[in-house]
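Working notes, structure below.
In this text, all values refer to a predicted model and were calculated from it rather than measured experimentally.
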Amino acid sequence: MVPEAENSAPAGLSELETRILEVERSWWRIAKTRDQAIREHVGITPTRYYLLLSQMLDSPRVWRADPALIGRLRELRDQRLAERS
């Protein structure tokens, strides 16, 4: 079995989804601010990014690609929603 190249997309994820997960894993290594990392690494507006990320968090396909990261992001989302209620 050949290990996956570091820059290749995990099975089933688009290049855009892969870049979004990369930003979520380590945006502070990519740029000074998260918004700057989003613009430079993903190439979309932060508003569009967060809409896509929200959809990705509910996708079983994306969860299978990185269950630890998606689980952590779901918990953060749920905490923020609970605080607003």
Side-chain angles (χ1 to χ4, degrees):
M1 190 168 170
V2 178
E4 230 180 292
E6 194 171 312
N7 291 334
S8 66
L13 293 186
S14 70
E15 181 66 27
L16 178 60
E17 291 169 329
T18 300
R19 287 180 176 268
I20 289 172
L21 293 182
E22 288 169 357
V23 167
E24 287 303 311
R25 276 187 211 101
S26 58
W27 64 265
W28 56 92
R29 294 182 194 161
I30 298 169
K32 291 183 180 183
T33 67
R34 180 174 282 179
D35 284 356
Q36 183 182 6
I38 291 166
R39 286 186 181 96
E40 291 177 5
H41 191 68
V42 184
I44 60 177
T45 65
T47 301
R48 177 84 175 128
Y49 173 91
Y50 289 115
L51 287 172
L52 292 170
L53 178 60
S54 178
Q55 294 170 354
M56 288 171 61
L57 292 181
D58 294 324
S59 169
R61 179 180 51 81
V62 177
W63 180 84
R64 283 190 300 273
D66 194 337
L69 176 63
I70 298 304
R72 181 175 60 82
L73 294 172
R74 284 177 179 173
E75 285 180 27
L76 288 171
R77 177 186 64 183
D78 294 346
Q79 287 174 358
R80 288 182 184 127
L81 288 173
E83 289 172 4
R84 292 179 191 161
S85 298

Original post:
How about Leu21 and Met56: do any of their side-chain heavy atoms sit closer than 4.5 Å?
Top reply: yes

Going from [atom1] on [X] to [atom2] on [Y], what distance comes out if it is rounded to the nearest 0.5 angstrom?
{"X": "Ser14", "Y": "Arg19", "atom1": "OG", "atom2": "CZ", "result": "10.5 Å"}
{"X": "Leu16", "Y": "Arg48", "atom1": "CG", "atom2": "CZ", "result": "7.5 Å"}
{"X": "Leu81", "Y": "Arg74", "atom1": "CG", "atom2": "CZ", "result": "13.5 Å"}
{"X": "Ile38", "Y": "Leu53", "atom1": "CD1", "atom2": "CG", "result": "8.5 Å"}

Original post:
Would you find more than 12 non-hydrogen atoms of other residues, nucleotides or ligands less than 6.0 Å from Trp63 atom CH2?
Top reply: no

Original post:
Which atom names give the shortest non-hydrogen contact between Ala37 and Ala31, and what distance separates them?
Top reply: N-CB, 3.5 Å

**OP:** Can you sort out the partners of Asp58 under salt bridge (charged side-chain N to carboxylate O under 4.0 Å, His left out), two or more places apart, ordered by chain and number?
**Re:** Arg77

Original post:
Can you pull the side-chain hydrogen bond (donor to acceptor under 3.5 Å, both in side chains) pairs that have at least one residue in residues 30-46, sequence neighbours excluded?
Top reply: Glu22-His41, Gln36-Glu40

Original post:
Can you tell which of Leu69, Ile70, Leu52 makes a side-chain contact (heavy atoms from CB on, under 4.5 Å) with Leu57?
Top reply: Ile70

**OP:** Determine whether Tyr50 and Val62 fall in the same hydrophobic cluster, where Ile, Leu, Val, Met, Phe, Trp and Tyr are linked whenever their side-chain heavy atoms lie under 4.5 Å apart.
**Re:** yes

Original post:
Is Leu76 linked to Trp27 within one hydrophobic cluster, defined over Ile, Leu, Val, Met, Phe, Trp and Tyr using a side-chain heavy-atom separation of less than 4.5 Å?
Top reply: yes

Subject >> side-chain contact (heavy atoms from CB on, under 4.5 Å) partners for Ser54, two or more places apart >> reply: none

**OP:** Assess whether side chain to side chain contact (heavy atoms under 4.5 Å, CB included) is satisfied between Glu24 and Tyr49, documenting all intermediate values.
**Re:** CA-CA 11 Å; Glu24 287 303 311; Tyr49 173 91; 2.5 Å; yes

